[in-house]
Amino acid sequence: MGTKSLKRRLRESQNPPMAAAATPWRKPRSYATPSVLLTAFLTVSVISLLVLSSNKWRAFQSGSSYETVTVVNVFPHDPQAFTQGLVYHKNDILFESTGLYGKSSIRKVALQTGKVEDVQKMDGSLFGEGLTLLNDRLFQVTWLQKAGFIYNLKNLSKIGTFNHDMKDGWGLATDGTFLFGSDGSSTLYQIDPQTFKAVSKQVVYYKSHEVHNLNELEYINGEIWANVFMTDCIVRISPDDGRVLGWILLQNLRKELMEAGNNDIDVLNGIAWDGEQKRIFVTGKLWPKLYEIKVSPLKKPIEEGFIEKVCLRRPFKFP
Ligand SMILES: *[C@@H]1O[C@H](CO)[C@@H](O)[C@H](O)[C@H]1NC(C)=O
């Protein structure tokens, strides 16, 4: 919403509340002038309250929403899984791609028990990355390579390879038609699932800052949700123009795991969406738990500079 439309809205909405609010203050004639002033003041107050409380205005002010999470359910997760891609299928079945040389795999996982029901180990020269599911095929990208793999959903057998247009393979998601990809930069790619060419690219900005290190992706209700590597933040992106719609702060999850003695866990990574039951799942690399979360707005306004400090990092450089 632009300033123009806001002004227009203010002008348009001024007349009815003015008339309504005027009535109780009109009676004592001698107070006509103060009452007019008071009426005007009240009218402005009422309008301000109405406008301030509308979501549109809040979005207009900050450009983004800021949200925190509460844990709805905790499930076991293989603490050996260096999670790089996570997808919910159906009937409490997840598919997961794991990284690290010699430990990379694609696997079918039971949500409730965390049990790995099927696994396809990858060649030792490959480092598994983002994963998505389109038309009963699993698409996976790999780190430091342009090569990706396609697997049969039923038995995880490899049915194809592809070369993508991105600089590297980090995250994958799909809206059911196109693939979306990330390569660790601030660019979100929209990819044709037949040719694997990027059909559009959007650089993601928060205020004037590029959001670097876009990692694991998930498509949720018309938005792309992305883990930001080296942070406990998920950024919500508009796939149409790369605009940051909001930030989800998940610091509490890794903190609690560390406090419980899980000292070897790595970063938050992996977002899965069960569209049928509207469930959101997140986990991390080498995390012993997978969480179903609910997202809700922060109770207090965000501190100036908080997102810059906590959710934005310099571009990752391969050591
Ligand atoms: C996997 O399933 C496909 C068809 O569903 C079949 O053609 C293929 O042979 C199977 N692969 C393995 C390794 O069982």
Side-chain angles (χ1 to χ4, degrees), residues 75-166 168-182 189-199 215-220 269-277 279 281 283 285-287 290:
F75 302 102
H77 178 247
D78 178 3
Q80 301 292 313
F82 197 78
T83 308
Q84 298 285 38
L86 193 66
V87 181
Y88 181 85
H89 180 217
K90 60 180 179 187
N91 302 329
D92 282 1
I93 291 295
L94 298 156
F95 288 91
E96 186 170 358
S97 164
T98 67
L100 299 178
Y101 294 112
K103 295 186 87 175
S104 289
S105 69
I106 180 155
R107 39 177 76 193
K108 179 181 175 184
V109 179
L111 169 70
Q112 298 289 340
T113 59
K115 192 168 162 280
V116 179
E117 295 195 333
D118 196 3
V119 60
Q120 189 79 2
K121 292 203 161 136
M122 295 171 71
D123 186 275
S125 65
L126 297 168
F127 195 113
E129 285 281 338
L131 183 74
T132 196
L133 175 56
L134 177 61
N135 301 330
D136 284 348
R137 296 159 142 217
L138 290 159
F139 294 77
Q140 181 198 39
V141 285
T142 56
W143 192 39
L144 303 177
Q145 312 236 5
K146 303 263 188 181
F149 300 103
I150 308 171
Y151 302 89
N152 182 328
L153 180 72
K154 297 277 182 320
N155 56 17
L156 301 184
S157 64
K158 204 181 278 178
I159 51 178
T161 60
F162 61 89
N163 283 297
H164 58 75
D165 251 0
M166 302 186 288
D168 194 358
W170 283 42
L172 273 187
T174 183
D175 61 0
T177 306
F178 288 100
L179 300 176
F180 291 91
S182 66
Y189 298 79
Q190 189 183 6
I191 299 168
D192 182 312
Q194 255 82 50
T195 63
F196 298 97
K197 295 272 169 263
V199 294
N215 202 8
E216 216 273 332
L217 305 177
E218 188 69 33
Y219 183 89
I220 302 179
N269 204 36
I271 311 166
W273 169 241
D274 168 11
E276 245 166 56
Q277 292 186 52
R279 293 185 294 176
F281 304 102
T283 190
K285 300 175 185 180
L286 311 177
W287 284 24
L290 182 143

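Numbering of ligands and ligand atoms starts at 1, following listing order.
The residue from Q140, Q145, Q84 that alone fulfils the side-chain hydrogen bond (donor to acceptor under 3.5 Å, both in side chains) condition with E129 is Q84.
Residue-ligand proximity, N152 to ligand 1, at heavy-atom distances under 4.0 Å covers atoms 1 (C), 2 (O), 3 (C), 4 (C), 5 (O). Each of the atoms 1 (C), 11 (N) of ligand 1 lies under 4.0 Å from some heavy atom of S157.
Rounded to the nearest 0.5 angstrom, T161 OG1 and F149 CZ are separated by 7.0 Å.
Proximity of atom 7 (O) of ligand 1 to the protein is not indicated, since no non-hydrogen protein atom lies closer than 4.0 angstrom.
Closest approach of F139 to P193, counting heavy atoms only: CE2-O, 4.4 Å.
Electrostatic pairing of D118 and K108 does not count as a salt bridge here, judged by no charged N lying under 4.0 Å from a carboxylate O.
Where the criterion is an N or O separation shorter than 3.5 Å, residue side chain and backbone included, N155 meets it with respect to ligand 1.
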